[in-house]
S.K.: 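Pasting a structure below so you can have a look.
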Amino acid sequence: MQKTGYTSHTFSLFLLLVLGNAILNLPFNSLFSLLLATVLSLTLIALTLFVLKRYKSSKVLFYTVSVVILLLAIYNTIICFYDYTCFLSKEQLPDTSIILLVLALLVMIVFCSVSRSDAFLKYCLLAAAIGIVLIFINFLAGIKNFDFALANTLFSKPYFSLKDILHFFSALLVAVFFIFTLKKQTTARPVFWGTLSGFFILTLCFTQSVLTLGNISDINFPYLKAVSVISSGSLFTRLDGFVYFLFFVSALIKISICLKVVVITLRSLFT
């Protein structure tokens, strides 16, 4: 496997996939839940890498792995598309026809998913760089609204189920298959570091939401609500647009990578 210089691109892809539709819903009740999700996700990635290095040695293993990855890719495509469409119709563009929203979103997803893999990875790098800057701006601008009396809420008894892992983070395994198939990396380091960094960024979003809003379990799109209370003077009245961008690129990347893998796995199964 030749080194191709895609370390930063792979890192960015996995960072964005962690955000995916998780940044929309922030499905955690404490920092311990985030830690548990991080450990479980990294463990599953390690197991996937272990299997992928051997899956072509046996036809049974090859077909089993291909079918499992295909099902995960289809599932994540549907669930992320649904979550983001719900956000658009309920929050960002509630007065716009749902049919029009779906069609517009489908056009962008198809355009992104049929792009060359090299171009797609470069887009991930750019989107991740912008996204990280925006999240840090939101966090720093929101500190003045923090109620540190709510800090104990961050350390509630952890709850995070395997169903949540499937819903929000199983696309990481799909991306491992994508990178492995393209042979874009010589080591697994950017995969793990990208995933860890994604969970760190998600932790910042969760912390900001809790310290601003308190218990977020019954709040739809808590990160958006937390950022929407920020006022930054004459330059920006509110920073909601930053969050809209983050939600869009993370959902777009997640759906597009899953569609790419659907095509790859179908080709491998029937050729």
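Index from 1, following the sequence. For the numbers below, each heavy atom of this structure counts, side chains included, while hydrogens, waters and symmetry mates do not.
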S.K.: Quick one: list whatever passes side chain to side chain donor-acceptor pair (under 3.5 Å) with Lys225, sequence neighbours left out.
M.R.: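 Here the qualifying residues are Glu91.
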S.K.: Just jot down the salt bridge (Lys or Arg N to Asp or Glu O under 4.0 Å) partners of Arg267, sequence neighbours excluded, or say none.
M.R.: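 Partners of Arg267 by the salt bridge (Lys or Arg N to Asp or Glu O under 4.0 Å) criterion come out as none, since no residue qualifies.
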S.K.: Who pairs with Phe200 by side-chain contact (heavy atoms from CB on, under 4.5 Å), at least two apart in sequence or on another chain?
M.R.: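 For Phe200, the residues satisfying side-chain contact (heavy atoms from CB on, under 4.5 Å) (neighbours in sequence not counted) are Phe136, Leu204.
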S.K.: Under the rule for side chain to side chain donor-acceptor pair (under 3.5 Å), what residues qualify as partners of Tyr84, not counting sequence neighbours?
M.R.: none
S.K.: Taking only residues two or more places apart in sequence, or in another chain, which ones meet Thr77 in a side-chain contact (heavy atoms from CB on, under 4.5 Å)?
M.R.: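 Testing Thr77 for side-chain contact (heavy atoms from CB on, under 4.5 Å), a comparison that skips the adjacent residues, returns Ile255, Cys258, Leu259.
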S.K.: Which residues pass the side-chain contact (heavy atoms from CB on, under 4.5 Å) test with Leu154, not counting sequence neighbours?
M.R.: Leu31, Phe206, Thr207, Val210, Leu211
S.K.: Looking only at side-chain N and O atoms, does Tyr223 offer a donor or acceptor that is under 3.5 Å from a partner on Asn25?
M.R.: no
S.K.: Say whether Ser170 and Asn76, considering side chains only, have a donor N or O and an acceptor N or O under 3.5 Å apart.
M.R.: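 Judged by distance alone, the side chains do pair up.
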S.K.: Applying salt bridge (charged side-chain N to carboxylate O under 4.0 Å, His left out), which residue pairs with at least one partner in residues 65-86 are found, sequence neighbours left out?
M.R.: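 Matches after skipping sequence neighbours: none remain.
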S.K.: Tell me every residue that passes side chain to side chain donor-acceptor pair (under 3.5 Å) with Asn220, counting only those two or more places apart in sequence or in another chain.
M.R.: none
S.K.: Tyr55 and Tyr63: ring-ring contact (aromatic ring centres under 6.0 Å, His included), yes or no, with the steps?
M.R.: CA-CA 9 Å; Tyr55 87 117; Tyr63 283 108; over 10 Å; no
S.K.: Quick check: do Leu52 and Phe177 have side-chain heavy atoms less than 4.5 Å from each other?
M.R.: yes
S.K.: Suppose we screen for side chain to side chain donor-acceptor pair (under 3.5 Å). Which residues come up paired with Ser33, at least two apart in sequence or across chains?
M.R.: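 Only Asn29, Ser30 meet the side chain to side chain donor-acceptor pair (under 3.5 Å) criterion with Ser33.
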S.K.: Which pairs with one or both residues in residues 252-264 pass side chain to side chain donor-acceptor pair (under 3.5 Å), sequence neighbours excluded?
M.R.: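 Non-adjacent pairs meeting side chain to side chain donor-acceptor pair (under 3.5 Å): Asn21-Lys254.
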S.K.: Can you tell me if Gln92 uses its side chain to pair, donor with acceptor, with the backbone of Tyr244 under 3.5 Å?
M.R.: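 Pair absent, no side-chain N/O of Gln92 close to backbone of Tyr244.
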S.K.: Kindly write out the residues that satisfy side-chain contact (heavy atoms from CB on, under 4.5 Å) with Thr85, not counting sequence neighbours, or none if the list is empty.
M.R.: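 Once residues adjacent in sequence are excluded, the partners of Thr85 under the side-chain contact (heavy atoms from CB on, under 4.5 Å) criterion are Phe81, Ile98, Val102, Leu105.
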S.K.: Please set out all donor-acceptor pairs under 3.5 angstrom arising from side-chain atoms of residues 188-197, sequence neighbours excluded.
M.R.:
unit_1, atom_1, unit_2, atom_2, d
Thr195, OG1, Val191, O, 2.8
Ser197, OG, Trp193, O, 2.8

